[in-house]
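All figures in this text were calculated on a predicted structure; none of them were measured in a lab. Lettering follows sequence order; numbering is per chain, from 1.
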Number of protein chains: 2
Amino acid sequence: MNEQLQPLKKPARPGKAGRSGTQDDIVYAHIFEAILEQRLAPGTKLSEEALGEIFGVSRTIIRRALSRLAHESVVLLRPNRGAVVASPTVEEARQVFFSRRMVERAITELAVQHATHEQLNELRQMVQEERDSFSRGDRGAGIRLSGEFHLKLAEAAGNAPLVSFQRSLVSQTSLIIAQYESGNRSHCSYDEHMQLIDAIEARDAQQAVSLMMHHMDHIDSKLNLDEESASDDLHAVFSHLLKKPKASAKG
Amino acid sequence: MNEQLQPLKKPARPGKAGRSGTQDDIVYAHIFEAILEQRLAPGTKLSEEALGEIFGVSRTIIRRALSRLAHESVVLLRPNRGAVVASPTVEEARQVFFSRRMVERAITELAVQHATHEQLNELRQMVQEERDSFSRGDRGAGIRLSGEFHLKLAEAAGNAPLVSFQRSLVSQTSLIIAQYESGNRSHCSYDEHMQLIDAIEARDAQQAVSLMMHHMDHIDSKLNLDEESASDDLHAVFSHLLKKPKASAKG
DNA sequence: GATTATGCTTTTGTGTACAAAGAATGCAAA
DNA sequence: TTTGCATTCTTTGTACACAAAAGCATAATC
């Protein structure tokens with residue numbers, strides 16, 4: 001019960017926090033990671049006090065982190081009833097994918113125009129990390145890194161509102177993949193990511209957009225949204241009743 | 001300086017006033033309105049304690065409202081230095097407009113497919129209100145209602161992520177208009193709004209999108225982003241130095 | 001035996017106190 | 001007069017305490 005984590009002064013893996021180390025961001029990043037890597041299942045309740053004890057901070061900090069996650073639709077904040085990990089329905093997943101196609105097309109076109117060689121090299125590095133994760137068999141990290149690639153690409157496009165929207169969409173997509181993708185079909189998105197970078201660097205807008213759209217198709221086709229939608233939808237809807245609380249400290 | 005506002009005390013009972021009535025939302029809405037209607041100028045500092053006293057609530061509530069506004073990029077939250085009303089630069093304005101064209105196109109296409117007659121009637125009512133505001137000479141309310149029209153249209157499109165993004169874009173657009181539109185050119189967006197509704201109701205996607213794009217062009221052309229960009233940009237950049245604090249209770 | 005009522009516990013919502021980081025002001029020296 | 005420094009003062013950041021609401025279990029009644 002008293003397995004409290006290190007006092008957060010030094011995050012175990014500092015590389016993940018988007019910004020440098022305010023407690024706020026660290027807690028946010030850790031919960032975010034845990035959700036995307038499926039260490040926290042959809043529907044799991046996120047108690048403020050429990051999280052506060054785990055991270056060694058007060059509920060104030062936890063609350064802000066949860067609020068931020070809620071704004072990205074990664075957790076659901078129910079008034080007077082606390083926060084739970086979101087369980088996107090099939091319909092919600094479809095809406096997210098619709099928006100993503102729209103945004104990714106725009107981002108790709110802008111990236112062809114604006115991305116610098118330096119940015120493209122950073123993207124290549126990220127793809128390398130992504131590949132490493134998959135060859136390590138670390139599926140959770142792979143999903144997360146794949147998402148971070150798309151976010152970085154948005155940054156290279158140089159449109160701030162788009163980046164912000166993409167952040168939310170990528171988060172939700174990761175959650176959807178974690179929930180709906182059949183585990184054995186390996187993701188393999190890194191190959192497509194690499195081709196995409198090449199097309200962008202060649203400033204071939206048509207080819208880049210085409211690759212991106214196919215990439216979206218592939219992600220889509222790996223999900224069980226179409227065939228098994230009925231059963232999976234039910235599972236998602238009632239997952240909060242099933243109560244599989246994988247509280248991080250307890251295992 | 002004890003000019004405390006009454007309105008918030010109105011729900012003398014701190015009980016449940018439904019979903020719209022939490023103190024939180026009220027404070028958020030009031031500040032939001034004040035900003036969009038230009039009663040709070042860009043760059044104005046938003047002190048937590050002062051606002052708390054004005055609205056008769058603790059800093060906790062104010063802080064949450066500011067955080068929410070910050071997420072919509074309507075206020076800027078500077079660490080350890082408090083919140084100020086955002087002053088979008090010309091470049092930021094351009095980026096917002098780029099995103100809006102993209103989103104509005106998608107929303108229009110979806111609305112043609114999904115909007116119900118009831119929704120379209122509600123939209124017509126909103127346009128009526130908008131027209132009334134302008135004929136009353138209430139420019140601030142007009143800007144706000146015009147924004148709310150576009151938000152309602154997004155809801156009629158039936159895509160949740162898009163609605164969320166649109167909310168942020170509309171807020172920023174209102175701020176941009178408030179800052180960059182020359183005052184004498186009346187907005188007159190309600191006519192175009194009405195035509196748009198008609199095209200949507202006729203399920204004429206091509207016509208609706210065309211009208212929407214022209215509408216965007218018109219909004220764009222009324223701003224001083226192109227010609228006077230240099231001077232206005234400088235003004236925007238340094239507006240926080242000029243300090244025109246129109247504290248809401250006094251003005 | 002089932003169902004509803006009621007108090008008990010747990011968890012969230014809000015206010016407030018205290019600590020820390022900036023900003024402002026005044027003073028001294030060049 | 002101006003510039004640099006130090007002190008003071010204001011404002012934000014965090015923790016904590018208390019209040020209110022929801023959930024849970026028990027018990028009583030039909």
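Rounded to whole Å, the distance from CG on D25(B) to P on dG13(C) is 13 Å. Atom P of nucleotide dG13(D) and atom CZ of R64(A) are separated by 7 Å, given to the nearest angstrom. Atom CD1 in I61(A) sits roughly 4 Å away from atom P in dT14(D) (whole-Å rounding). As rounded to whole Å, 14 Å separates atom P of dA15(D) from atom CD of E53(A). For the pair R78(A) CZ and dA21(D) P, the interatomic distance rounds to 18 Å; values are reported in whole Å.
Residues S164(B) and F165(A) have side chains not in contact (no heavy-atom distance under 4.5 Å, counting atoms from C-beta outward).
Partners of F97(B) under the ring pair (Phe, Tyr, Trp, His ring centres under 6.0 Å) rule, at least two apart in sequence or in another chain, do not exist in this structure.
OP1 or OP2 of dA21(C) has not a single side-chain nitrogen or oxygen of R81(B) nearer than 4.0 Å. Listed pair N80(B) / dT12(D) fails the phosphate criterion, with no side-chain N or O lying under 4.0 Å from OP1 or OP2. Between R63(B) and dG13(D) there is a side-chain N or O to OP1 or OP2 distance below 4.0 Å. Regarding contacts with the backbone of dT12(D), a side-chain N or O of K45(B) is found under 4.0 angstrom from either OP1 or OP2.
In this structure a side-chain-to-backbone donor-acceptor pair under 3.5 Å is present from E92(B) to T89(B).
Where E48(B) and R59(A) meet DNA chain D, the nucleotide closest to each residue was compared, and E48(B) sits on the side nearer the 5' end. Nearest-nucleotide positions on DNA chain C place E49(A) closer to the 5' end than the other of T60(B) and E49(A).
Sorted by first then second residue, the salt bridge (charged side-chain N to carboxylate O under 4.0 Å, His left out) pairs that include residues 55-67 of chain A, not counting sequence neighbours, are D24(A)-R64(A), E48(A)-R59(A), E48(A)-R63(A).
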